[in-house]
Amino acid sequence: MRRRMSLPSTPPVRPHGCFITFEGTEGGGKSTQIRLLAERLQRLGRAVLQVREPGGTPLGEEIRHTLKHSPAGQSMTPEAELLLMNASRAQLVRETIRPALARGEVVVCDRFFDSSLAYQGYGRGLPLEAVRGVIDFAVGETRPNLTLLLWVPLEVSEARRRSREASSPGGVGVRDRFEESDRGFFQRVEQGYQAIEAATPGRIRRIDATQSIEQVQADVWEAVSRLL
Ligand code: TMP
C-alpha cells in the first residue's frame, strides 16, 4: 500500500519589488509617461506606487512648497536647496519607498537623486563629491533598478514650458523658483544629465521624448518589461 505524503504547501510567489525613476529637464512629459506606465502595470496585476520628488509624503510636500513656491525661498542658497531636497528624499525613502518595495510593489518615482546631481551639482555648481555624500546619507541602500531619462533639447523644453505657462489660468501660473531660472542654468543641467548618463550606462536608459506620446510609451515599456 502506498502511503500518501502530505507535501508542505508552497507559499504564493510574491513578485520582487522594483524601483523605477524618471528623470530629465522640464517639458519631457514625465507625468504623462508615469501615469501611462502605472496604468499598464496595474492592468497586468502589479501593485504600483507612484511618488514624486521633492514631495511624496506630508512632510515632503511642505518642503516642496518651500523649495518651489514660498517667497522665503527666493533667497535660498544652493546648499540649503540641496539639503532640503535630500530631507524630503530621506523621509520618502523610509516612510514610503522601502515599505512598498518590501511588499513587492513597483515604485515609480518622478525624479530621484540624479536630479540633485544635475540641478544642484551641475546646475548650481555645488561640488559633486559633496552632493554625492548628502545623497548617500539620504538614501542609504535604496537605489533605483532602472532610470528612464526623457530627453528633449533645451529649445523644446523652453517652448513646452512657455506653452504650459500660457495655458494656465490668466496666463500666469503659480510662481516656480526653478522655472524662473536662466538659460545658462538649464544648459548646465542638461550637460549634467549627459555626464550622469555617460557615467551610469547600466541603470540609465535615455529615451527621445520629442517623439509622439505613444512612441515614448513604447520605448518606456520596452525598458521596463525587460527589467520585470
Ligand atoms: P517638477 O516636479 O515640476 O519636476 O519640479 C521639481 C523641480 O525641482 C524641478 O525643477 C527639478 C528640481 N529638483 C532639483 O533641483 N533637485 C532635486 O533633487 C529634485 C528631486 C528636483
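Numbering of residues begins at 1 and proceeds along the displayed sequence. Counting starts at 1 for both ligands and their atoms, in listed order.
- At most 12 heavy atoms of other shown residues, nucleotides or ligands fall within 6.0 angstrom of atom CD1 in Ile213.
- Glu23 has no carboxylate O lying under 4.0 Å from a charged side-chain N of Lys30, or vice versa, which leaves the two without a salt bridge.
- Between Glu129 and Arg132 there is a salt bridge, since at least one side-chain N of the basic residue sits less than 4.0 Å from a carboxylate O of the acidic one.
- Between Phe178 and Phe185, the ring planes are tilted. Angles from 30° to 60° get that label.
- In this structure, the ring of Phe19 has its center less than 6.0 angstrom from the ring center of Phe112.
- Sorted by chain and number, the residues within 4.0 Å of ligand 1 by heavy atom are Glu26, Lys30, Glu53, Pro54, Arg64, Lys68, Met85, Arg89, Arg111, Ser115, Ser116, Tyr119, Gln120, Phe178.
- The shortest distance between side-chain heavy atoms of Arg161 and Glu26 falls below 4.5 Å.
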